[in-house]
Amino acid sequence: MLIIDVRTPDEFNDGHLADAIHIEYQYILMMIDQYAPDKTAEIGLYCHAGVRSAYAQYALLDAGYVNAVNLGGFDQLKRHYPFV
C-alpha cells in the first residue's frame, strides 16, 4: 500500500510514518500520477485528525482511484506503525 501524508511540510518534517510520501492534500490530484499511475493501486491517506485525508480520499475516488482509503490521524497511527 502506498501511504501518503497529506499534511503541511512542517507537520511532515516534525514526524511522519516511516514509509510515507508527502503530498499536501490540495495538490493530491496534481501529483498522484508520479506515485500511483494505476488507478487500482492501494492508497492510504492520513493527516493530523483525518479531515484533510478525507478531502484527499474524496478527490482521488472522484478521479477514478478505486482503492483510496482514509487512515485517519497521525497521532493514532503512530501508536501502531513505525514513524520518523
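Quick caveat: nothing in here was measured; it's all calculated off a predicted structure. Reckoned from all heavy atoms, side chains included, excluding hydrogens, waters and symmetry mates.
Contact of the Thr40 side chain with the Asn67 side chain is registered, since non-hydrogen atoms from C-beta on lie closer than 4.5 Å. Looking at Val69 and Met1, their side chains come closer than 4.5 Å, going by heavy atoms from C-beta outward. Between His16 and Val84 the shortest side-chain heavy-atom distance falls below 4.5 Å. Side chains of Leu17 and Phe74 form a contact here, defined as non-hydrogen atoms less than 4.5 Å apart. Residues Leu60 and Leu29 are in side-chain contact: their nearest non-hydrogen atoms beyond the backbone lie under 4.5 Å apart. Tyr46 is not listed as a side-chain neighbour of Val6, based on a closest heavy-atom distance of 4.5 Å or more.
With values rounded to the nearest 0.5 angstrom, Phe83 atom CZ is found 14.0 Å from Asp19 atom CG. Leu45 CG to Tyr65 OH: the interatomic distance, rounded to the nearest 0.5 Å, is 11.5 Å. To the nearest 0.5 Å, atom CG of residue Leu77 and atom CD1 of residue Ile3 are 8.5 Å apart.
Every residue two or more places apart in sequence or in another chain that forms a side chain to side chain contact (heavy atoms under 4.5 Å, CB included) with Leu61 is listed here: Gln57, Ala68. When the side chain to side chain contact (heavy atoms under 4.5 Å, CB included) test is applied to Pro9, the partners found at least two apart in sequence or on another chain are His22, Glu24.
The hydrophobic clustering, which links ILVMFWY residues whose side-chain heavy atoms are closer than 4.5 Å, places Tyr25 and Val51 together. Residues Ile4 and Met31 share a hydrophobic cluster, clusters being chains of Ile/Leu/Val/Met/Phe/Trp/Tyr side chains in contact below 4.5 Å. Cluster annotation: Ile28 is not connected to Tyr58 through the hydrophobic network of ILVMFWY side chains, with a link wherever side-chain heavy atoms come within less than 4.5 Å.
Side-chain atoms of Tyr35 never come within 3.5 Å of backbone atoms of Ile23 as a donor-acceptor pair (strictly under, hydrogens ignored).
Closest non-hydrogen pair, Phe12 versus Asp5, comes out as CD1-OD2, 3.4 Å. Of all non-hydrogen atoms in Ser53 and Asn70, the two that sit nearest each other are OG-OD1, 2.6 Å. In terms of heavy atoms, Ala36 sits closest to Ile43 at CB-CD1, 4.0 Å.
Around OH of Tyr81, the count of heavy atoms belonging to other residues, nucleotides or ligands within 6.0 Å does not exceed 12. Counted within 6.0 Å of CD on Gln76, heavy atoms from surrounding residues, nucleotides or ligands total 12 or fewer; the atom is thus considered open.
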